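A short write-up of the structure that comes next.
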Amino acid sequence: MYKKRSGQTYYTNRHSCFLLQYHIVLVTKYRRPVLTGPVKDLVYRVIQDIFDEKKLVILEMNGEADHIHILFEADPFTAPGTLVNIIKTKTSRYARKEYGETLLKEYYWKPLFWSDSYFVTTVSENSLQMVQEYIKNQ
């Protein structure tokens with residue numbers, strides 16, 4: 001991602017100054033409690049890899065067995081909806097490949113993992129700390 005100058009809260013590059021923070025919530029299909037143990041570890045690791053690859057900063061990531069919250073900073077070129085699709089596709093593919101015939105079999109009879117819907121909102125400087133605390137305490 002871009003760099004923050006010391007003492008600044010905003011990212012800068014040659015032509016812009018920005019701070020884009022988003023809160024995304026993804027829910028498993030049928031709210032099945034599958035985000036536990038090794039499935040949870042795999043999903044969180046794949047999400048972290050996606051963010052590292054795109055050079056985006058995860059501020060907080062946590063959830064429960066049937067959903068996950070991600071609070072992150074993005075650049076102006078990252079569309080939240082597109083990022084959600086990438087996250088859902090990659091995590092679903094890896095989880096089903098690794099655990100589709102074992103841990104996930106009792107919950108899903110089709111090749112599913114995530115619900116079609118998702119939640120996304122922007123986070124302001126005023127609400128950032130409150131959202132971070134909420135996610136930490138999931």
Side-chain angles (χ1 to χ4, degrees):
M1 185 141 151
Y2 301 93
K3 293 185 179 179
K4 286 184 181 179
R5 292 186 182 156
S6 63
Q8 279 189 322
T9 57
Y10 293 89
Y11 290 94
T12 57
N13 64 17
R14 286 182 53 197
H15 303 290
S16 63
C17 177
F18 59 90
L19 181 61
L20 299 171
Q21 298 168 325
Y22 298 99
H23 176 201
I24 289 176
V25 181
L26 305 176
V27 179
T28 60
K29 190 73 170 180
Y30 311 121
R31 301 282 310 218
R32 301 285 195 221
V34 297
L35 293 173
T36 59
V39 176
K40 176 183 175 182
D41 295 340
L42 175 72
V43 168
Y44 280 50
R45 187 173 64 250
V46 171
I47 291 171
Q48 185 64 58
D49 290 346
I50 292 167
F51 278 77
D52 290 346
E53 179 182 303
K54 295 191 166 298
K55 296 182 172 63
L56 303 176
V57 178
I58 294 178
L59 300 173
E60 203 67 53
M61 181 167 56
N62 201 1
E64 294 183 10
D66 63 352
H67 69 278
I68 184 171
H69 294 264
I70 309 167
L71 177 64
F72 67 99
E73 293 180 339
D75 58 42
F77 307 107
T78 300
T82 304
L83 182 62
V84 166
N85 287 336
I86 292 168
I87 292 169
K88 284 182 171 185
T89 301
K90 282 192 170 184
T91 55
S92 178
R93 188 174 295 140
Y94 281 100
R96 288 191 331 247
K97 182 179 179 182
E98 188 75 25
Y99 301 108
E101 295 300 318
T102 56
L103 299 174
L104 298 177
K105 192 169 183 104
E106 71 177 280
Y107 297 107
Y108 300 121
W109 55 94
K110 292 181 179 179
L112 304 170
F113 193 83
W114 297 109
S115 167
D116 291 340
S117 56
Y118 63 91
F119 170 82
V120 63
T121 187
T122 55
V123 179
S124 72
E125 294 171 2
N126 297 331
S127 62
L128 177 65
Q129 192 170 11
M130 182 176 64
V131 173
Q132 270 184 305
E133 287 300 314
Y134 174 77
I135 294 171
K136 275 184 193 176
N137 294 320
Q138 281 289 299

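Computation of the quantities below employed the complete heavy-atom set of this structure, encompassing side-chain atoms and omitting hydrogens, waters and symmetry-equivalent molecules. From a predicted model like this one, the values you see are computed outputs, not experimental measurements.
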Is it possible for you to say whether [X] and [Y] belong to one hydrophobic cluster, with membership spreading through side-chain heavy-atom contacts below 4.5 Å?
X	Y	result
Val34	Val27	no
Tyr108	Leu26	yes
Val123	Phe18	yes

To the nearest 0.5 Å, how far apart are [atom1] in [X] and [atom2] in [Y]?
X	Y	atom1	atom2	value
Arg32	Asp66	CZ	CG	11.0 Å
Phe51	Ile70	CZ	CD1	5.0 Å
Glu64	Arg31	CD	CZ	8.0 Å
Phe113	Tyr99	CZ	OH	10.5 Å
Ile50	Ile58	CD1	CD1	9.0 Å

No-hydrogen, no-angle side-chain donor-acceptor test under 3.5 Å, Thr82 and Asn85: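 Checked: Thr82/Asn85 side chains show no N/O donor-acceptor pair below 3.5 Å.
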Check: Ser92/Arg96 side-chain N/O donor and acceptor closer than 3.5 Å: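 Per modelled atom types, Ser92 and Arg96 side chains form a pair under 3.5 Å.
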Under a 4.5 Å cut-off applied to non-hydrogen side-chain atoms, are [X] and [Y] in contact?
X	Y	result
Glu73	Tyr11	yes
Ile87	Tyr118	no
Leu128	Leu59	yes
Asp75	Leu56	yes
Ile68	Trp114	yes
Tyr22	Thr78	no
Ile135	His23	yes
Lys54	Leu83	yes

Using a 3.5 Å distance criterion without hydrogens, assess whether the side chain of [X] forms a donor-acceptor pair with backbone atoms of [Y].
X	Y	result
Ser127	Met130	no
Lys88	Ser115	yes
Thr12	Cys17	no

Geometric class of the His69/Tyr134 ring pair [parallel <30°, tilted 30-60°, perpendicular >60°]: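 Perpendicular.
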Whether over 12 other heavy atoms sit under 6.0 Å from Arg93 CZ: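 Not more than 12 within 6.0 Å, no.
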Exceeds 12 heavy-atom contacts within 6.0 angstrom, atom CD of Glu101: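 Not more than 12 within 6.0 Å, no.
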Test applied, side chain to side chain contact (heavy atoms under 4.5 Å, CB included); reference residue, Phe72; option that passes from Ile47, Ile24, Val57: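 Running side chain to side chain contact (heavy atoms under 4.5 Å, CB included) over Ile47, Ile24, Val57 with Phe72 returns exactly one hit, Ile24.
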Heavy-atom pair with the smallest gap, counting every atom of Ala65 and Thr36: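 Closest heavy-atom pair between Ala65 and Thr36: CB-CG2, 3.7 Å.
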Row check, Tyr44 ring normal vs Lys40 NZ/CZ: under 6.0 Å, within 45°: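 The answer is yes; both the distance and angle limits are met.
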